[in-house]
Amino acid sequence: MKRFLAGLTACAMSMAGMVGCAFTATAATTGTYGELSYTNYGSYVEITGCSTSSSSVTIPAQIGGVPVTTINMFAFAQNTSISDYYVESSSNYFTSENGVLFTKDHATLVCYGASKDGSSYTVPSGTKTIAGYAFYNNKKIENVSLPAGVTSIGDGGFGYCYNLKTITIPDSLTSVGAQAFSACQELQSISLPDSVTSIGASAFFGCVEMTSFTVPKGVTTIESYTFSNCSSLSTVTIPAGVKSVGMAAFASPNKLSTVYYGGSASDWSAISIGLQNEPLKNATKIYGSSSGTTAPPATTTTTTTTTTTTTTTTTTTTTTTTTTTTTTTTTTTTTTTTTTTQPTTTTTTTTSTQPTTQTTTSTTQPTTQPTTQPTTQTTTSTTQPQYTTTTYTSTTQTTPETQTTPTTPTEVDLGDLNSDTEVNANDAAMILVAAAAKGAGNASGLSAEQEAAADADSSGDYDAGDAALILQYAAYAGSGGWGTFKDYISWHVWWN
């Protein structure tokens, strides 16, 4: 029975790690090779853990005559001492380049040491995948450049790289795993191409310096806790194709004030938004925008011009004198009305040109005839331009959404913190959120029953290790594995 159960676990481990695995009842044995832990499935060996405290580790080509073909993504995730990985030259499955572990064909970057020196790293061309937890917990890396051709970043790929500031992402990327950039505390911005179709739960959890983010157009779901605890996030651009937002995807604390949404107000109201997303719901929405700026409105302009000309002619006649004075006043009134899809502005301007007076006088004064001197009075009326601006503001009244918060059950099943009958990445994310809050001296946000359910490994506390167990089980269950989470934990204890 033990061998059979080990075979079940192999599928989960392989599915979550480097290679896939069909569900088969394969005899398997576990053991240690130096400081490495492994599982032997008869035809191949998988590295499952490492207890070394040294700065380097060597991957053997085979153990007991069986080739080492697989490295589980959690094998080195908790080891912070390793800076360099080496591989026996006879290995047909792995290789090392400058201390960085790759598959033999260089298609997958498997591990980058948590203690590896250097603030910048350029992933070699030809790499297609950043494996799960590849850069996990490296505190020295600040800048990473991914080459064209990279299509996926695995779960936890850059998680807890506290000092990561910039990362160059190619247009070939299609998926970002759960917790891929969680707790990258110095990451201020990241640009993902529209080719990305999936972003995993908690992908940017705890990126406290991130101020804005544009969700790729290919994404239809914003998973739970994706931007939770992003305390500086103020603007986000969401495409019209998004249909759902998971629980606490934008949970406080954050400064979210503006959402640029590619669809209309009615499209927005149709999105399924999970609980604990008040910052998202309360933010100002700019509809019809997919680039973080207000979309250019359609504009119709109508101009009407009325011109009135008044001519005054005064003629004074003496015996030989004719004086003609002509005064012309022109008043032009122009009304311009501009109509847009944005608030409408109407402007009326009245402009008067100064009167032009032209006087021509030719006088010959006779001595025998009385002369009537002409009196010419010129009145100039100038009307200063008058500007009247009226702005109409359109206000949409939204009916308050009524939410029913489920009552916390008196008993919570192990691992199922949100009591949705499934143990998955959402529960793992809740553990990480609570652990981070507790570590900062704040309330965890969990009930006593939920805290008990979070302690998957029965260590007396909950932390990233418990979240990792849940993710392993979710991978196992997703591949068709048998049994509940409690069963899985009991097997885990048995094997170890």
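Because only heavy atoms are used, hydrogens play no part in the values below, and waters and symmetry mates are left out as well, while side chains stay in.
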Asks: Please check this pair: side chain of Thr284 against backbone of Thr258, looking for a donor-acceptor N/O pair closer than 3.5 Å.
Replies: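 Checked: no pair found.
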Asks: Going from SG on Cys207 to CG on Asn229, what distance comes out if it is rounded to the nearest 0.5 angstrom?
Replies: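 Cys207 atom SG to Asn229 atom CG measures 9.5 Å (nearest 0.5 Å).
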Asks: With sequence neighbours left out, write down each residue that passes side-chain contact (heavy atoms from CB on, under 4.5 Å) with Glu97, or none if nothing qualifies.
Replies: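 If we apply the side-chain contact (heavy atoms from CB on, under 4.5 Å) test to Glu97, skipping adjacent residues, the hits are Phe102, His106, Pro124.
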Asks: I'd like to know if the side chain of Asp416 and the backbone of Thr421 have a donor-acceptor N/O pair within less than 3.5 Å.
Replies: yes
Asks: Give, for atom OH of Tyr44 and atom OH of Tyr38, the distance between the pair rounded to the nearest 0.5 Å.
Replies: 14.5 Å
Asks: Please work out whether the ring planes of Tyr261 and Tyr287 are parallel, tilted or perpendicular, with thresholds of 30° and 60°.
Replies: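 If you compare the ring of Tyr261 with that of Tyr287, the planes turn out perpendicular.
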Asks: Does Asn282 reach the main-chain N or O of Pro279 with its side chain, forming a donor-acceptor pair under 3.5 Å?
Replies: no
Asks: Quick check against the 3.5 Å criterion: does Lys104 have a side-chain atom that pairs as donor or acceptor with the backbone of Ser91?
Replies: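 Here the side-chain-to-backbone pair exists.
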Asks: So, Ser172 side chain and Ala148 main chain: donor-acceptor pair closer than 3.5 Å or not?
Replies: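 No, Ser172 side chain to Ala148 backbone: no donor-acceptor pair under 3.5 Å.
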Asks: Examine Tyr133 together with Phe76 and report whether their ring centres are nearer than 6.0 Å.
Replies: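 Ring centres of Phe76 and Tyr133 not closer than 6.0 Å.
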Asks: Between Phe213 and Phe227, is the ring centroid distance below 6.0 Å?
Replies: yes
Asks: So which heavy atom on Ser228 is nearest to which on Ala248, and how close?
Replies: CB-O, 3.5 Å
Asks: Is there a side chain to side chain contact (heavy atoms under 4.5 Å, CB included) between Phe250 and Thr226 once you walk through the steps?
Replies: CA-CA 7 Å; Phe250 292 90; Thr226 299; over 6 Å; no
Asks: Identify the heavy atoms of Thr80 and Ala114 that sit nearest to each other, and give their distance.
Replies: CA-CB, 3.9 Å
Asks: Determine whether the side chains of Thr52 and Glu35 contain a donor N or O and an acceptor N or O closer than 3.5 Å.
Replies: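 There is such a pair between these side chains.
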Asks: Please walk me through it: do Leu417 and Leu446 pass side chain to side chain contact (heavy atoms under 4.5 Å, CB included)?
Replies: CA-CA 9 Å; Leu417 275 69; Leu446 301 179; 4.0 Å; yes
Asks: Side chains of Phe94 and Val110: does their closest heavy-atom pair fall under 4.5 Å?
Replies: yes
Asks: Which heavy atom in Thr127 sits nearest to a heavy atom in Val150, and how many Å separate them?
Replies: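 In this case the closest contact between Thr127 and Val150 is O-CG2, 3.3 Å.
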Asks: Report the C-alpha separation of Tyr112 and Tyr121 in whole Å, then their side-chain angles, then the decisive distance to 0.1 Å, and conclude whether the ring pair (Phe, Tyr, Trp, His ring centres under 6.0 Å) test is met.
Replies: CA-CA 10 Å; Tyr112 183 98; Tyr121 181 69; 5.0 Å; yes
Asks: Should Val68 and Ile63 be marked as a side chain to side chain contact (heavy atoms under 4.5 Å, CB included) after you check the CA-CA gap, both sets of side-chain angles, and the distance that decides it?
Replies: CA-CA 7 Å; Val68 175; Ile63 295 177; 3.9 Å; yes
Asks: Heavy-atom distance under 4.5 Å between the side chains of Ile273 and Trp268, does that happen here?
Replies: yes
Asks: Ignoring hydrogens, what is the shortest heavy-atom contact between Asp463 and Ile431? Give both atom names and the distance.
Replies: O-CG2, 3.5 Å
Asks: I want to know whether Phe205 and Tyr225 have ring centres closer than 6.0 Å.
Replies: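 Not close enough - the centres of the two rings lie 6.0 Å or further apart.
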Asks: Side chains of Tyr462 and Glu451: any donor to acceptor distance under 3.5 Å?
Replies: yes
Asks: So, Ser96 side chain and Tyr85 main chain: donor-acceptor pair closer than 3.5 Å or not?
Replies: yes
Asks: Rounded to the nearest 0.5 Å, what separates atom CG in Leu164 from atom OG in Ser119?
Replies: 11.0 Å
Asks: Check whether any side-chain heavy atom of Val236 sits under 4.5 Å from a side-chain heavy atom of Tyr260, and report yes or no.
Replies: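 Result no, sub-4.5 Å side-chain heavy-atom pair not found.
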Asks: Does the Asp455 side chain pair with the main chain of Ser459, one donor and one acceptor, at a distance under 3.5 Å?
Replies: yes
Asks: Is there a donor-acceptor pair closer than 3.5 Å between any side-chain N or O of Asn40 and the backbone N or O of Thr29?
Replies: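 Side chain of Asn40 to backbone of Thr29: no pair is present.
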Asks: Compare all side-chain heavy atoms of Ile59 with those of Leu101 and state whether any distance is below 4.5 angstrom.
Replies: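 Ile59 vs Leu101: side chains touch.
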Asks: Do we see a donor-acceptor contact under 3.5 Å between the side chains of Ser56 and Asp84?
Replies: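 No pair is found: no donor N or O on one side chain lies under 3.5 Å from an acceptor on the other.
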Asks: Using atom types as modelled, flag every donor-acceptor pair under 3.5 Å from a side chain in residues 187-202 to any protein atom, sequence neighbours excluded.
Replies:
{"from": "Asp194", "atom 1": "OD1", "to": "Lys217", "atom 2": "N", "distance (Å)": "3.0"}
{"from": "Ser195", "atom 1": "OG", "to": "Asp171", "atom 2": "O", "distance (Å)": "2.7"}
{"from": "Ser195", "atom 1": "OG", "to": "Leu173", "atom 2": "O", "distance (Å)": "2.6"}
{"from": "Thr197", "atom 1": "OG1", "to": "Thr174", "atom 2": "O", "distance (Å)": "3.4"}

Asks: I need the minimum non-hydrogen distance between Cys111 and Val100, along with the two atoms involved.
Replies: O-CG1, 3.5 Å
Asks: Do Ser81 and Asn79 have side-chain atoms, one donor and one acceptor, less than 3.5 Å apart?
Replies: yes
Asks: Should Val45 and Thr39 count as side-chain neighbours, where that means a heavy-atom distance under 4.5 Å?
Replies: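 Val45 does not reach Thr39 side chain to side chain.
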Asks: Could you give the distance from CG (Asp427) to OG (Ser224), rounded to the nearest 0.5 Å?
Replies: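 Here the rounded value is 9.5 Å.
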Asks: Are side-chain N/O atoms of Asn163 and Lys165 paired as donor and acceptor at under 3.5 Å?
Replies: no
Asks: Return the OG1 to NZ distance between Thr221 and Lys243, rounded to the nearest 0.5 Å.
Replies: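 So the OG1 of Thr221 and the NZ of Lys243 are separated by 10.0 Å.
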Asks: Is any side-chain heavy atom of Thr129 closer than 4.5 Å to a side-chain heavy atom of Ile153?
Replies: no
Asks: Would you say Asp155's side chain and Gln179's backbone share a donor-acceptor pair under 3.5 angstrom?
Replies: no
Asks: Under the 3.5 angstrom rule, does the side chain of Ser232 hit a backbone N or O of Val208 as a donor-acceptor pair?
Replies: yes
Asks: Do Tyr136 and Gln78 have side chains that approach each other closer than 4.5 Å (heavy atoms only, starting at C-beta)?
Replies: yes
Asks: Which heavy-atom pair separates Asp457 from Asp466 by the least distance, and what is that distance?
Replies: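 So the two residues come closest at OD1-OD1, 2.8 Å.
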Asks: Using a 4.5 Å cut-off on heavy atoms from C-beta on, say whether the side chain of Cys161 contacts that of Asn137.
Replies: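 Side-chain contact under 4.5 Å: no.
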Asks: Can you confirm whether more than 12 heavy atoms, excluding those of Lys255, are under 6.0 Å from its NZ atom?
Replies: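 No.
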Asks: Return the CG to NZ distance between Leu109 and Lys128, rounded to the nearest 0.5 Å.
Replies: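 One gets 14.0 Å once the value is rounded to the nearest 0.5 Å.
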Asks: Would you sort out whether Val87 and Thr58 count as a side chain to side chain contact (heavy atoms under 4.5 Å, CB included), showing the intermediate values?
Replies: CA-CA 5 Å; Val87 180; Thr58 299; 5.9 Å; no
